[in-house]
Amino acid sequence: MYMKSWLFHVLTTAAVSAAAVPLSVSAQSFRPEKLTTEYKSAPIGIAASQPRMSWQIQSSGRDFLQSAYEVRTGANAAALAKGKDIAWQSGKVNSGESLHIPYGGGPLASRQRVYWQVRVFDKNGKASPWSEVASWEMGLLQPADWQAKWIARSSDTSGKPGPSPLFRKAFRLSKPVQSARLYVTAHGLYEAHINGKRVGDDYLTPGWTAYDKRLQYQVYDITPMLRNGENAIGAMLGDGWYRGNLVFFNQRNTYGKTAALLLQAEITYRDGSKETIATDGSWKSVDAGPVRYSDIYNGETVNTLMEITGWADPGFHDASWEKVAVLPLTKDNLVAQEGPGVKQHERLKPVKFITTPEGDAVVDFGQNMVGWVELKVKGKAGDTITLHHAEVLDKAGNFYTANLRAAKQENKFVLNGWGTETLAPRFTFQGFRYIRVKGLRQPLDTSMFTGVAVYSDMGETGSFSCSHPLINQLQKNIQWGQKGNFVDVPTDCPQRDERLGWTGDAQVFFNTAAYNMNVTGFFTKWMKDVAADQRSNGDIPVVIPDVKSIPSPGSAGWGDVVTIIPWNFYQNYGDRRMLEVQYESMRKWVDYITAQSKSELWNHGPHFGDWLFYSAPHDNDGRSAITDKYLIAQAFYIHSTQNVINAAKVLGKGADVEKYEELIKRIKAAFIREYVTPNGRMVSSTQTAYVLALNFDILPEAQRASAAKRLADNIASYGNHLTTGFLGTPYLCHVLTRFGYTDVAYKLLMQESYPSWLYPVKMGATTIWERWDGIKPDGTFQDVGMNSFNHYAYGAIGDWMYKTVTGIQPDPASPGYKQFRIQPRPGGGLTHASAEYKSLYGTIASKWKLDGGRLKLEVTVPANTTAKIVLPGAAGAAVTESGKPVQLSAEGKDASLQVGSGNYAFEYAFGK
């Protein structure tokens, strides 16, 4: 497969380059860099039996393609760099692949550290230098690797809210330490300390999973934290998702009633001997610490008067602390962390202080964000400072929290009076732009408040900007909405008493998410949670992790997350293993729908339909855009079946390909019989109905053009407004562009009145809203029971902006951007637009500008990839590249050429 792929790209690029752009043939330098294992740089604690290695290539010239690679591994970095003590060597592999190369050495053991290097060969067979040495380290692969025992406070069995317990253990090291690792997890949330210092920079650990099936543990390098002689290790626990308030109406103890700790520190001395410090019955515990209450929804109460100085230090007198209880809990469900940790990111200062009409002191951070406020304050002993959090102010300018429902979002700090204190919560997070401050004795000052943004450490991969300031703000809103809702799981909202992993929201937003940020580890982890919580009959719960209190069997567009994200993940990252791991889950979902269907129709069940579609007030004329929910269900049945067919083809499952291709013929025919008139009109003549039928290729070819025309006419009939909800919106502009109505798509994008993407922007939004009109034109609010102002689903338009406005598109025939398209479509009155996308191969860039009737397009293609560049309206035009004429292939009004890696600058007369 690798050889075939390489030959295709080499032959294609060589043929096109010779005929198209004049290129230099002088020698160029090249080298592999940015080595990763399982998407991470030098990871520790991974569990993959065959870890996969990837690299990028830095090249000094154009048109670089890798023709072969060679990987070598060893147990010693210095020796490996000299080519000595090699444990495994791939030999020269004739392949252009530089992503997801599986380790081919012997079986890997728990804790094993592997160092590796790679060198690559160009298309002339010249070898690069060996890369810098990279590494990975295995985690604990078997339950028997855990010497630690689960411990808890013996009195902690009620499941009621209470103080965060502290645990500690003193130990002595008598020999010099070579290396040390800490393996730790909890029932609840934990914060670990060694010798008085916090371990790591992750928060809300161990994260949120289907705890009874998959409980993550983290691994930390604690070598520099240890000292010769006396040492101490400690941990504080919070309720978190495990036993705190979760779902609606302050339900508690979803996964259990007792907060518990599992921890072991493994120490290797310089003489080769080893020692393990693990949780067991010798540990001590107390619940008299400063965190008196912690909850995801309701916030945290911290009493610094109860701070126990030095509680995790050696020499601390813990005679009054209680012995812990050892619990007979399983370790069979422990899994190494695959996703990124939750970390602190942007730190925002206040932009304004407000005294509301009701007299409240309010701080405005200028940005709806997720995290917490760090408070730096001085006061008297016993003073209590209370911070309430809100997303918006009401029409009169007062602090508004009714949309939070039962979530208090309240942090309380009791001061100790010893001087200036810096205070922040540990085991909670809030969604907010504004805070209301109570109990502060001194005037508000900027130095007192810092808003700390907290989200999974994904790393930004995409940027987009254009000549329209409102569109630029929309892009920022999309990005901030993603940050705030990607806190270990993809939540629907981050503020009210919900914050759940709604599957429908995640699947509609995935492609946009993959442009904006590196979501490889994030969704690798979460899709395993989806599969773990899949019911035995194949049904997928509507929220993952499954909180077991939202009954909704098989909701179309929500359960389909199980086929949509794996297939789109493969398209974006070329990761075949995602399909291998998720395939049975994908297939079981389609088989579940088939079992539920009657006469090939999935036409029953409590589906959510096109959630939050446009509904007209006083609708005497029938203008509400109601789409038959069973039409939607059948469309997604077809779409998921096609995704299973696609995956089966990639995985070589011929029998399944045949089975599901027969199925899709029958269910498409049933859709047309039931929901399409002989003249091609949908029985629900809505934008969503036409969009789904066209996007999923359900309609016969002969009916597609007329259906697209009906869609465009429908949009015009609403005054160039969309009427779609959660399921129709993500595909709307894509369908319009595909069928020749890009101008209509631009009208929708540029629309500033309700319902539209820019209406919330005009109303001051800094994130994406749950409803098109969360704040109505008159300044009043929508339904108080469901009105989030940070809800990313409608941000799915970002996918179209990257793909169409700037034209950066993956090629379905070559997943992962090994080959891709740059096909911008200027329009909407924009005079310039630019985007960058940091693919796994390197940065792809597209930047265009209209200047004096000429279009200037700049493109960057990373090494070891090729691109098809489609120049809009260039057929018959005199096109130059870097000032030299270039020959193109005509494609209607457009023109195209195939190029290899490098930077390109095109210019030609446009629009005549």
Side-chain angles (χ1 to χ4, degrees), residues 36-54 99-100 102-103 108 110-114 134-143 145 181-186 200-221 241 331-343 455-459 461 486-491 501 506 510 513-514 517-534 544-545 561-562 565-566 568-570 572-583 585 840:
T36 59
T37 307
E38 293 298 326
Y39 297 111
K40 298 178 181 179
S41 175
I44 62 173
I46 66 173
S49 59
Q50 276 192 303
R52 297 166 301 165
M53 299 163 281
S54 301
L99 304 180
H100 317 308
Y103 167 74
L108 296 167
S110 293
R111 310 172 183 85
Q112 183 175 346
R113 191 170 187 84
V114 178
S135 69
W136 77 81
E137 182 175 304
M138 304 303 292
L140 302 183
L141 305 181
Q142 302 295 332
D145 291 323
R181 298 289 185 265
L182 181 70
Y183 304 86
V184 58
T185 188
D201 59 355
D202 291 343
Y203 290 82
L204 305 173
T205 47
W208 187 13
T209 54
Y211 293 125
D212 51 337
K213 301 160 189 168
R214 287 168 39 80
L215 175 59
Q216 295 183 128
Y217 66 87
Q218 284 75 40
V219 186
Y220 302 98
D221 181 355
W241 298 281
K331 302 168 193 170
D332 293 342
N333 61 340
L334 297 179
V335 295
Q337 177 172 319
E338 290 184 280
V342 174
K343 299 185 188 298
Y455 50 89
S456 291
D457 191 29
M458 298 167 287
T461 53
F486 279 40
V487 180
D488 202 59
V489 301
T491 56
F510 174 81
M517 307 192 84
N518 181 354
V519 295
T520 51
F522 185 87
F523 278 106
T524 295
K525 174 262 182 186
W526 188 69
M527 288 309 301
K528 288 185 177 179
D529 289 328
V530 173
D533 270 339
Q534 186 170 24
I544 299 293
V561 68
V562 77
I565 287 184
N568 288 345
F569 193 105
Y570 173 70
N572 279 279
Y573 300 115
D575 189 337
R576 190 176 186 271
R577 188 173 291 177
M578 169 62 80
L579 298 181
E580 293 172 346
V581 170
Q582 299 295 330
Y583 180 76
S585 185
L840 297 182

Asker: Do Phe510 and Phe523 have their ring centres less than 6.0 Å from each other?
Answerer: yes
Asker: Report yes if the side chains of Asp488 and Leu204 come closer than 4.5 Å at any heavy-atom pair, otherwise no.
Answerer: no
Asker: Identify the heavy atoms of Gly207 and Gln216 that sit nearest to each other, and give their distance.
Answerer: CA-NE2, 4.1 Å
Asker: With sequence neighbours excluded, what pairs up with Glu38 under the salt bridge (Lys or Arg N to Asp or Glu O under 4.0 Å) test?
Answerer: Arg52, Arg577
Asker: Any idea which heavy atoms bring Ala514 and Tyr573 closest together, and the distance?
Answerer: CB-OH, 3.5 Å
Asker: Please enumerate all residues that pass side-chain hydrogen bond (donor to acceptor under 3.5 Å, both in side chains) together with Asn568, with sequence neighbours excluded.
Answerer: none
Asker: Which value, rounded to the nearest 0.5 Å, describes the distance between Leu108 atom CG and Glu137 atom CD?
Answerer: 11.5 Å
Asker: Side chains of Met138 and Ile46: closer than 4.5 Å at any heavy-atom pair?
Answerer: yes
Asker: Which residues pass the side-chain hydrogen bond (donor to acceptor under 3.5 Å, both in side chains) test with Trp208, sequence neighbours left out?
Answerer: Tyr255
Asker: Quick check: closest heavy atoms across Thr37 and Met53, and the distance to 0.1 Å?
Answerer: OG1-CG, 4.4 Å
Asker: How far apart are the C-alpha atoms of Arg181 and Asp221, what are their side-chain angles, what is the distance that settles it, and do they pass the side chain to side chain contact (heavy atoms under 4.5 Å, CB included) test?
Answerer: CA-CA 5 Å; Arg181 298 289 185 265; Asp221 181 355; 3.2 Å; yes
Asker: I'd like to know whether Lys525 forms a side chain to side chain contact (heavy atoms under 4.5 Å, CB included) with Thr209, so could you lay out the CA-CA distance, the side-chain angles of the two residues, the decisive distance to 0.1 Å, and finally the verdict.
Answerer: CA-CA 9 Å; Lys525 174 262 182 186; Thr209 54; 3.5 Å; yes
Asker: Under 3.5 Å, is there a donor-acceptor pair between the side chain of Gln534 and the main chain of Ser585?
Answerer: yes
Asker: Please report the C-alpha distance between Met578 and Asn572 in whole Å, then the side-chain angles of each, then the deciding distance to 0.1 Å, and finally whether the side chain to side chain contact (heavy atoms under 4.5 Å, CB included) criterion is met.
Answerer: CA-CA 11 Å; Met578 169 62 80; Asn572 279 279; over 6 Å; no
Asker: Return yes if some donor-acceptor pair links the side-chain N/O of Glu338 with the main-chain N/O of Gly521 below 3.5 Å, else return no.
Answerer: no
Asker: If you take all heavy atoms of Pro206 and Leu215, which pair is closest and at what distance?
Answerer: CG-CD1, 4.1 Å
Asker: Could you measure the distance from the CD1 atom of Ile44 to the CZ atom of Arg111? Nearest 0.5 Å is fine.
Answerer: 13.0 Å
Asker: Report the residues that fulfil side-chain contact (heavy atoms from CB on, under 4.5 Å) with Ala134, sequence neighbours left out, ordered by chain and then residue number.
Answerer: Leu35, Trp116
Asker: Leu334 versus Thr185: any side-chain heavy-atom pair under 4.5 Å?
Answerer: yes
Asker: Holding to side-chain contact (heavy atoms from CB on, under 4.5 Å), I want the full list of residues that pass it with Ser135, two or more places apart in sequence or in another chain.
Answerer: Ala42, Arg113, Tyr115
Asker: Mind checking side-chain contact (heavy atoms from CB on, under 4.5 Å) for Ser41 and listing every partner two or more places apart, or none if nothing turns up?
Answerer: none
Asker: Do Pro490 and Val519 have side chains that approach each other closer than 4.5 Å (heavy atoms only, starting at C-beta)?
Answerer: no
Asker: Whether the Gln218 and Gln337 side chains hold a donor-acceptor pair (N or O, under 3.5 Å, no angle test) is what I'd like checked.
Answerer: yes
Asker: Taking the inter-plane angle between the rings of Phe522 and Phe486 on a 0 to 90° scale, is it parallel (under 30°), tilted (30 to 60°) or perpendicular (over 60°)?
Answerer: parallel
Asker: Under the rule for side-chain hydrogen bond (donor to acceptor under 3.5 Å, both in side chains), what residues qualify as partners of Arg214, not counting sequence neighbours?
Answerer: Asp529
Asker: Locate the shortest heavy-atom distance separating Leu141 from Ser110; write the atom from each residue and the value.
Answerer: N-OG, 2.9 Å
Asker: Please check if atom CD in Gln142 has more than 12 non-hydrogen atoms from other residues, nucleotides or ligands closer than 6.0 Å.
Answerer: no
Asker: To the nearest 0.5 Å, how far apart are CD1 in Ile544 and NZ in Lys528?
Answerer: 15.5 Å
Asker: Output the distance between atom CG (Asn333) and atom NZ (Lys213), rounded to the nearest 0.5 Å.
Answerer: 11.0 Å
Asker: Could you list the residues that satisfy side-chain hydrogen bond (donor to acceptor under 3.5 Å, both in side chains) with Tyr220, not counting sequence neighbours?
Answerer: Tyr190
Asker: Return the set of residues passing salt bridge (Lys or Arg N to Asp or Glu O under 4.0 Å) with Lys40 (not counting sequence neighbours), or none when no residue passes.
Answerer: none
Asker: With sequence neighbours left out, write down each residue that passes ring pair (Phe, Tyr, Trp, His ring centres under 6.0 Å) with Tyr183, or none if nothing qualifies.
Answerer: none
Asker: Quick one: salt bridge (Lys or Arg N to Asp or Glu O under 4.0 Å) partners of Asp457, sequence neighbours excluded?
Answerer: none
Asker: Keeping Trp526 on the side-chain end and Gly339 on the backbone end, is there a donor-acceptor pair under 3.5 Å?
Answerer: no
Asker: Please test Tyr39 against Leu840 for side chain to side chain contact (heavy atoms under 4.5 Å, CB included), starting from the C-alpha separation and ending with a verdict.
Answerer: CA-CA 9 Å; Tyr39 297 111; Leu840 297 182; 3.9 Å; yes
Asker: For residues Met517 and Tyr455, report the shortest heavy-atom separation together with the two atoms involved.
Answerer: CE-CE1, 4.0 Å
Asker: Taking salt bridge (Lys or Arg N to Asp or Glu O under 4.0 Å) as the test, write out the residues that go with Asp201, two or more places apart.
Answerer: Lys343
